[in-house]
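Working notes for the structure below.
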Amino acid sequence: MTSPDFLTDPATVRVLAPDGTFAPSPAAERYLPLIEALGDAELEQLYRDMAVTRAFDQQATLLQRQGQLALWPPSFGQEAAQVGSARAARPQDHIFPSYREHAVTRIRGVDSIDIIRVMRGLSHGGWDPTDPRNGNTHIYTLVLASQTLHATGFGMGLAFDGKTGSGDPEKDEAVIVYYGDGASSEGDVHEAMVFAASYRSPTVFFLQNNQWAISVPVATQASASFAARAAGYGIDSVRIDGNDVLASYAVTRLAMDESRDGRGPQAIEAVTYRRGAHTTSDDPTKYRTKDEEELWAQRDPIARMRAYLTARGASEEFFADVDAEGADVAADVRKRTVELPVPTSDGMFAHVYADPHPMMDEQRRWLADYEASFEEGTA
């Protein structure tokens, strides 16, 4: 587990203390003008995004437990890192998620039921990244770290096409890619950063350090902070309190603007915590302690932002409205999920090859014969 000293490390960007008081760290000073520019409506939107996403995420977890989904990767506990960074991106920017960026995709316009389709086995991709309704959001990537290569290459393409670095922040485009501490140990991240630095790709590497790569603790993966690694590639990097939505917003906003302006790639390490399981096929009680989980529960990002807004004068009516919206979103996704068709076995044979292939026909026949061998006629 990351040492708790990161909370008091002056190099870590933190704006809100765990109890929700406004207590900027020394490293946060340069970002305060971006936060001061946010009005009450924008601050309340950050809270709403986090709370509603959590309601959706918890409902999706229940749906998987009830047999409606094959798998679900919870985002429980990581809402601040995702919401702040997603709200920091501009409409023309491009998003490359991993597979638990539920808040990011919702903010960019992706219909959450499209994530459900993937986890139910009804879709190979989920949504069309070129559809304007999806906010330039590329599809979930379950192959660890491969999206960092995609994001770097896409950013290089933007630079080659002259779509970045003109000095016009309303026109220039940038890329942000999400990955985890476990994925950071993959060679793809190394290669992506080498090319991003060499070609000055306008890519922001946003690492969510949630402390556990499935069951491997962060201390086993890295002897120093992940932010420190970027220096080896000549990439500017910042470490933030990932449970502070204001820090996530401000640091990502500036990083995206600088990358978009032609200053090359940037890197952010958001120190957060995966309060849920890695996926619903995982049992974190096998490798995490109750004391550790309770420690991070005290740093909950939603409770922190609620305390801050309350001190600013947010009404109980506002919080009740957010809770009602979360309940409505959860009910809607449940209704639409149970109305989806049951996946068919034919889906696994589709799109394996561009053209019809005899091997697929042979395997389809084999499966049909195998299932027919059961008394009920199906496996």
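- Although no hydrogens or angles enter the test, the distance criterion places no donor-acceptor pair under 3.5 Å between the side chain of N209 and the main chain of D181.
- Listed for the T272 side chain is a donor-acceptor partner under 3.5 Å among the backbone atoms of G77.
- In this structure, the side chain of E269 engages the main chain of F226 through a donor-acceptor pair within 3.5 Å.
- Using a 3.5 Å distance cut-off with no hydrogens or angles, the side chains of S75 and R100 do not pair a donor with an acceptor.
- Side chain of S373 to main chain of Y370: a donor-acceptor pair is present (N/O by atom type, distance under 3.5 Å, no hydrogens or angles).
- We find the OG1-CZ distance between T152 and F205 to be 3.5 Å, quoted to the nearest 0.5 Å.
- T105 places a side-chain N or O within 3.5 Å of a backbone atom of H102 that can act as its donor or acceptor partner.
- No option in W296, W212, F76 other than W296 meets the ring-ring contact (aromatic ring centres under 6.0 Å, His included) test with Y273.
- With Q147 contributing its side chain and Y178 its backbone, the two residues share a donor-acceptor pair below 3.5 Å.
- For the pair S259 (side chain) and G264 (backbone), a donor-acceptor distance under 3.5 Å is present.
- Sorted by first and then second residue, the salt bridge (charged side-chain N to carboxylate O under 4.0 Å, His left out) pairs involving residues 154-175 (not counting sequence neighbours) are R90-E170.
- For residues 192-201, every residue pair satisfying the side-chain hydrogen bond (donor to acceptor under 3.5 Å, both in side chains) rule, not counting sequence neighbours, is listed here: S201-T203.
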For residues 347-366, please give each side-chain donor-acceptor pair under 3.5 Å, one per line with the distance, not counting sequence neighbours.
residue : atom : partner : partner atom : Å
H357    : ND1  : M359    : N            : 3.0
D361    : OD1  : R364    : NH1          : 3.2

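- Panel note: side chain D244, backbone R14; no donor-acceptor pair is recorded below 3.5 Å.
- A salt bridge is defined here as a Lys NZ or Arg NE, NH1 or NH2 lying under 4.0 Å from an Asp or Glu carboxylate O, and D332 with K335 fails to meet this definition.
- Counting only N and O atoms by type, the side chains of Y99 and T279 include no donor and acceptor under 3.5 Å apart.
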Next on the checklist: side-chain contact (heavy atoms from CB on, under 4.5 Å) for N243 and D300? Distances and angles first, verdict last.
Outcome noted: CA-CA 7 Å; N243 282 8; D300 183 76; over 6 Å; no
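- Once rounded to the nearest 0.5 Å, the distance linking CG of N134 with CZ of R108 reads 10.5 Å.
- Taking a 6.0 Å sphere around CZ of F195, one finds it holds 12 or fewer heavy atoms contributed by other residues, nucleotides or ligands.
- Distance alone, capped at 3.5 Å, is enough to place a donor-acceptor pair between the R274 side chain and the I214 backbone.
- Side-chain atoms of T141 do not come within 3.5 Å of backbone N or O of V143 as any donor-acceptor pair.
- With values rounded to the nearest 0.5 angstrom, R306 atom CZ is found 5.0 Å from F319 atom CZ.
- To the nearest 0.5 angstrom, D241 atom CG is 8.0 Å from R299 atom CZ.
- In this structure, T21 OG1 and R304 CZ are separated by 9.0 Å, a value rounded to the nearest 0.5 Å.
- Residues forming a side chain to side chain donor-acceptor pair (under 3.5 Å) with H124 (at least two apart in sequence, or on another chain): none.
- Interatomic distance, CD of Q82 versus OG of S248, reported as 9.0 Å (0.5 Å rounding).
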Using distance only, find each side-chain donor-acceptor pair of residues 34-47 under 3.5 Å and give its atom names and separation, not counting sequence neighbours.
residue : atom : partner : partner atom : Å
D40     : OD1  : R312    : NH2          : 2.5
E42     : OE1  : G39     : N            : 2.8
Q45     : NE2  : D49     : OD1          : 2.9

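- In summary, R48 and D321 engage in a salt bridge, as defined by a charged side-chain N under 4.0 Å from a carboxylate O.
- Residue pairs satisfying the salt bridge (charged side-chain N to carboxylate O under 4.0 Å, His left out) criterion with at least one member in residues 58-84, sequence neighbours excluded, are listed as follows: R54-E79.
- Contact annotation: the side chain of V83 never approaches that of Y249 to less than 4.5 Å [non-hydrogen atoms, C-beta and beyond].
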